[in-house]
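Below: the structure, in structure tokens.
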Amino acid sequence: MAISLSQNDTSTVTPDNASDYGSDIDDETAFSLLSQAELQAPVEPSFLASIEDIPIPVEHESLEQRIHLRLSRLQQSLDSVRESSARIEAIVGARRAQEASVEIEYDEINRGQFSPVRQDESQATQTQQEEVDLKTDTRSPIERWRTKPKKPLSVTDLVSPAWCEQQYEYNLSKYGRIRATKAMKEGSKVHKVLEEQVHTAVPVETVSKEDAFGLRIWNTIEGLRTLREDGLTRELEVWGVLQGEVVIGIIDEISTTCPDEQMEADMLDGGASKGGKKGKKVEQLAPGQQTLTDFLTSSQTNGLLQNDSAFLGTLHPEKPRTYYLKDIKTRQSRTLPGPGAASRPTHMQLMLYHRLLTSLAANEVPADTVFTRYGLDPHTTFSDKFIAEIANLNVPPPTSQNDSEALEPGREDPLTVLLAHNTLTALWTLMISEFQLTFPPTTSPSISPLLTASFRTASAHSATEPAGSIIGTRVFFFDPPIINAYLRSEMAWWKGERATVGVEVEEAYKCARCDFAEGCTWRRGRVEEGLRKARLRREGRGRSEV
DNA sequence: ATTGCTAAAAGG
């Protein structure tokens, strides 16, 4: 008898303790699952309430959002700050009295960079057309979608295929991007509320190309300072280079809060017991844990450690803290995804953030590669207007102003800082030193290998359970071999070194929610294979019965 | 644009 697959019953296919790839369902069942997928009509979730009970500011909704200056919540006495506006602008302006700053609208300078969105062929012909495109277009995905003047690769680009690479390719072919679903829009709102708990966004109206990128770097610097001062930051932008390709990501949350004391204790105990210490041993090592020991031992190699601690002591009286990466995932249902294939994108996402963050803290990211990719001149000085705007708004919190001994380097007033780092190269260097200050190389990794996915409801499920309520948490380890193998495989796809791979039959439930299921060549191939195997089995049975 | 688009990510 075939297992009936409904949207509420995906656990039938991927029970919590199932391995990623192991399956005990037979081919006949798999075939019926694949067939059923296309019968599933999309159900409008009319029962979902709106999340209006979360106060959502709407004024920063549009295209200026990304070039907003990010202020920590401590820096909100803006009115008094703005009073000095004219004065500071005059000071900055005097430096280059003659050189008029060029004002360029943000969307004008960037329009050409964005991937073209193909629109308006009829629904019916589109899928067929795309199939033809996929066959005839011999360019690699990276050539087609992520080559200048289009945007560089993102973490999303690298982890989305972990759900279904074939689906991602169809999306890129058809739209040049992923189209936001209702669920995603709801998720964005929850994220936005969380971010505004930590930062206040102030619009910066017009900037040059270099200014615009400088502001992004400045926001990251600000995010790191917020993290050190408040023990929490959200939406931290990071850059990296992977196999020569620029990769950009936004880390949802970093904080000093340990997600799981027990896992942390087991982890540290595991590391200590290697040095001969007897005692409680972690019996059943999780897949990531063996490599974790390697991670710990490799990072505490030498006597440089002592020097670093002493050096840091002069800046940071308290001992270096451990920071934990977290990603918040909103869900339409109140259930958690299974730990196997359904969680793969999240696992890879957090592990990739860990890698990017670590390489920035180690100053391993070639800044020139990043700037070149964006077509930016790393030595052009920022415009007076830009420097003045940042200087006007970004004032150090009053607490640290009183006591200048306690000021970290570069924590002086923003005008001084920006004048001293008034090109992209210089500001990048400052950013790197902020990364190094925040995540120094110490015995206990300052970037914890404990990674957290925190699941929240996208919308209210009851009066006591409003939108954004926490459903549950999954904590797992950074696992270098896993993420490295994944990235190698994914980059091979992006570079066109291997063909697109869709979901395995065990993951056919994904097809039920996929717009491309009907015309999916991968899926058709799998259905045909299922039929063939079923037929072979039937024939085999027939013979043996004679 | 009846919500479009942009930055990544947003979810399944």
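In what follows, chains are A, B, ... by sequence order, proteins preceding strands, each numbered from 1.
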From CH2 of A:W239 across to P of B:dA7 the rounded distance in Å is 15 Å
Please work out if A:D252 contacts a base, only the sugar-phosphate, or nothing of the nucleic acid, heavy-atom cut-off 4.0 Å. sugar-phosphate
Counting only side-chain N and O atoms of A:T181, is one of them less than 4.0 Å from OP1 or OP2 of B:dG11? no
Parallel, tilted or perpendicular, judged at 30° and 60°: which one describes the rings of A:Y509 and A:W163? perpendicular
Just to be sure I understand the rule, does A:I178 reach a base, reach only the sugar-phosphate, or reach nothing, if contact means heavy atoms closer than 4.0 Å? base
Could you give the distance from OG (A:S140) to CH2 (A:W493), rounded to the nearest 0.5 Å? 9.5 Å
Atom CG of A:N171 and atom C1' of B:dG11 are separated, to the nearest Å, by 12 Å
For atom CH2 of A:W163 and atom C1' of B:dA10, their distance in whole Å: 14 Å
Mapping A:G249 and A:Q167 to their closest nucleotides on DNA chain B, which lands nearer the 5' end? A:G249
Should A:Q349 be listed as having a side-chain N or O under 4.0 Å from OP1 or OP2 of B:dA10? yes
So, does A:T226 use its side chain to make a donor-acceptor pair with the main chain of A:H199 at under 3.5 Å? no
Roughly, in whole Å, what's the span from NZ in A:K510 to P in B:dG12? 13 Å
Hey, does the side chain of A:W145 reach the backbone of A:L172 with a donor-acceptor pair shorter than 3.5 angstrom? yes
Counting heavy atoms from C-beta on, name the nucleotide in B:dT6, B:dG11, B:dA9 closest to the side chain of A:R177. B:dT6
Distance below 4.0 Å between A:K182 side-chain N/O and B:dG11 OP1 or OP2: no
Tell me which nucleotide among B:dA8, B:dA10, B:dC5 gets nearest to the side chain of A:K151. B:dA8
Minimum-distance nucleotide to A:S154 side chain [options: B:dA7, B:dG11, B:dA9]: B:dA9
Rounding to a whole Å, what distance do you find between A:L350:CG and B:dA9:C1'? 13 Å
Roughly how many Å is it from OH in A:Y374 to P in B:dT6, rounded to a whole number? 15 Å
Say you pick atom C1' in B:dT6 and the same atom in B:dA10; how far apart are they, in whole Å? 15 Å
Classify the nucleic acid contact of A:E235 as base, sugar-phosphate or nothing, counting any heavy atom under 4.0 Å across all strands shown. nothing
Check this one for me: any side-chain N or O of A:R216 less than 4.0 Å away from OP1 or OP2 of B:dA8? yes
State whether A:H191 places a side-chain N or O below 4.0 Å from either non-bridging phosphate oxygen (OP1 or OP2) of B:dA10. yes
Taking any heavy-atom pair under 4.0 Å as a contact, classify A:D515: base, sugar-phosphate, or nothing. nothing
Taking any heavy-atom pair under 4.0 Å as a contact, classify A:F213: base, sugar-phosphate, or nothing. nothing
Please report the distance, rounded to the nearest Å, between NZ in A:K185 and P in B:dT3. 8 Å
Rounded to whole Å, how long is the line connecting atom CZ of A:F455 with atom C1' of B:dA9? 15 Å
Nearest 0.5 Å please: distance from the CG atom of A:L451 over to the CG atom of A:D327. 10.0 Å
Is the A:Y168 ring parallel, tilted or perpendicular to the A:W494 ring (thresholds 30°, 60°)? perpendicular
Rounding to the closest angstrom, what is the interatomic distance between B:dA1 and B:dC5 at atom P? 14 Å
Nearest to the side chain of A:Y353, which nucleotide is it out of B:dA10, B:dA8, B:dA9? B:dA9
